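Quick notes on the structure that follows.
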Amino acid sequence: MKAAVFLGPENIEVREVPEPEAGPGEVVIRVGACAICGTDVRIFQFGHHHVKPPQVTGHEIAGEIVAIGEGVEGYRVGDKVAVITVISCGRCRYCRRGLQNLCPEQKYIGYHYPGGFAEFMKMPREGVARGNLLVLPEDMDLLEASLIEPLSCVINGQSYLHIGLGETVLVIGAGPIGCMHVAMAKNHGAGKIILADISDERLELAQRIGADVYINPQKENLKERVFELTGGLGADVVIVAASSGSAQEEALELVAPQGRISLFGGLPKEKPTITFNSNIVHYKEIGVFGVFASHASQYEEAARLIYARRVPARDLITHVLPLEDIVRGIELVKSGKALKAVISFVR
């Protein structure tokens, strides 16, 4: 089979590798689509401590089961499935509460195990045992289903925010995650959604998702515009969907009293510290939340929302590419010329 093998920073090679076989307790899927994540871009550029070359990366995966190993129950050949990335221990206090994303012993598809930038991939025994294959409706579009994983992360992020009817939501960062936050805020009944980004190109691509106001902070004063749009109060919810320390700091200045802030985007490891005015949190009664990945029930919710067209997954996909063009896809995502680029094996 063909696979894109990560050999080290700036080095991916599409080559022939052995097709995986389903041993006892294992499942093999034919990959239909694997979307390119910002993390995939960073792995390509810099490597990752959990990815030991040579490795097949890619974790936003949807496909079809083609082989089932001895002892596996609950799946059938031909089932369409989405891959749940985090394989947890199943024993710790977080796993027992359904918070697999916080398991201290977690491992990941596309990091510790071969991922979806290949024609076939194997779900290992421990992943099958933990339920890491989510069965999808028979008529679900696999290209759209490749966005289940990132949408599940957005759902996790908004689970802390409790967006209410008529509230004003500011999303900083108009990439695919920011656009999904816009779509989810709509589903929660937000009254006004403001999307901000320093790239006109990203803002132009994001028009397809339908925020109410688009702002480029390099051309307009973001704080002045937000306060103008909110009667001087600030946004009820601010979501920083960008890897920017300055944007995280500014979020405190943009949020209304009793507002909520989501620091959704992680910061570079060489510069993870921001200046945090705790007096704003204290006197304005602000809630500030972090978020990492997602858990199984949120994959299920993401799948339902995409299938019901409550989140317009197809509109978010701007580029569909063959495996041979994976480096081009990574560059499109890195440059912001793509909203969501997907490697497709759909025949």
Side-chain angles (χ1 to χ4, degrees), residues 32-38 59-64 79-86 98-101 109 116 131-167 169-171 173-193 195 205-212 237 239 241 260 262 264-265 289 291-318 320 339-342 344 346:
C34 185
I36 298 173
C37 173
H59 61 275
E60 299 182 355
I61 308 162
E64 179 183 324
D79 280 346
K80 287 184 176 180
V81 292
V83 171
I84 297 175
T85 303
V86 175
L99 303 174
Q100 298 92 344
N101 58 314
I109 299 296
N132 279 66
L133 291 172
L134 173 65
V135 177
L136 304 172
E138 292 181 4
D139 60 342
M140 187 153 193
D141 182 283
L142 291 179
L143 280 175
E144 295 184 355
S146 69
L147 271 59
I148 289 172
E149 191 277 343
L151 180 59
S152 74
C153 297
V154 168
I155 290 169
N156 189 27
Q158 292 204 10
S159 70
Y160 295 95
L161 302 177
H162 305 293
I163 296 170
L165 293 174
E167 289 194 308
V169 177
L170 167 65
V171 179
I177 291 294
C179 289
M180 289 182 190
H181 272 296
V182 170
M184 284 304 302
K186 285 184 177 182
N187 277 307
H188 289 304
K192 184 177 294 178
I193 304 173
L195 183 59
L205 284 172
Q207 295 283 334
R208 62 184 62 205
I209 207 66
D212 297 297
V237 172
I239 300 167
R260 289 85 70 204
S262 174
F264 192 94
F289 301 94
V291 61
F292 171 70
S294 58
H295 45 83
S297 68
Q298 291 163 337
Y299 278 76
E300 293 182 7
E301 183 178 349
R304 289 195 297 269
L305 287 165
I306 289 174
Y307 184 71
R309 303 291 190 268
R310 295 292 298 273
V311 172
R314 182 65 72 159
D315 290 342
L316 293 168
I317 299 171
T318 55
V320 178
L339 195 52
K340 201 66 179 173
V342 179
S344 172
V346 177

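Small disclaimer: the values here were computed from a predicted structure and weren't measured.
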For [X] and [Y], work out which heavy atoms get closest and say how close.
| X | Y | result |
| --- | --- | --- |
| Leu205 | Leu339 | CD1-N, 3.9 Å |
| Ala241 | His181 | CB-CD2, 4.2 Å |
| Cys179 | Ala174 | SG-O, 3.8 Å |
| Pro176 | Lys340 | CB-CD, 3.9 Å |
| Ala190 | Ile163 | CB-CG2, 4.1 Å |
| Val342 | Ala33 | CG1-CB, 3.7 Å |

Mind checking the [atom1]-[atom2] spacing from [X] to [Y]? Nearest 0.5 Å is all I need.
| X | Y | atom1 | atom2 | value |
| --- | --- | --- | --- | --- |
| Glu144 | Asp315 | CD | CG | 9.0 Å |
| Ile155 | Arg304 | CD1 | CZ | 8.5 Å |
| Asp139 | Lys80 | CG | NZ | 7.0 Å |
| Asn132 | Gln100 | CG | CD | 8.0 Å |
| Ser152 | Leu305 | OG | CG | 11.0 Å |
| Ile61 | Thr85 | CD1 | OG1 | 6.5 Å |

So do [Y] and [X] actually touch side chain to side chain, heavy atoms under 4.5 Å?
| X | Y | value |
| --- | --- | --- |
| Asn156 | Cys153 | no |
| Val311 | Val154 | no |
| Leu134 | Glu300 | yes |
| Asn101 | Gln298 | no |
| Thr318 | Arg208 | yes |
| Met180 | Leu147 | yes |
| Arg260 | Tyr160 | no |
| Met184 | Leu151 | yes |

Treating Asp79 as the side-chain partner and Val81 as the backbone partner, does any N or O pair qualify as donor plus acceptor under 3.5 Å?
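No; zero donor-acceptor contacts below 3.5 Å.
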Under 3.5 Å, side chain of Lys186 to main-chain N/O of Ile209, donor-acceptor pair present?
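Yes; judged by distance alone, with no hydrogens or angles, the pair exists.
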Salt bridge (charged side-chain N to carboxylate O under 4.0 Å, His left out) assessment of Arg310 paired with Glu301:
CA-CA 11 Å; Arg310 295 292 298 273; Glu301 183 178 349; over 6 Å; no
Applying side chain to side chain contact (heavy atoms under 4.5 Å, CB included) to Leu133 and Ile84, what does each step give before you reach the verdict?
CA-CA 6 Å; Leu133 291 172; Ile84 297 175; over 6 Å; no
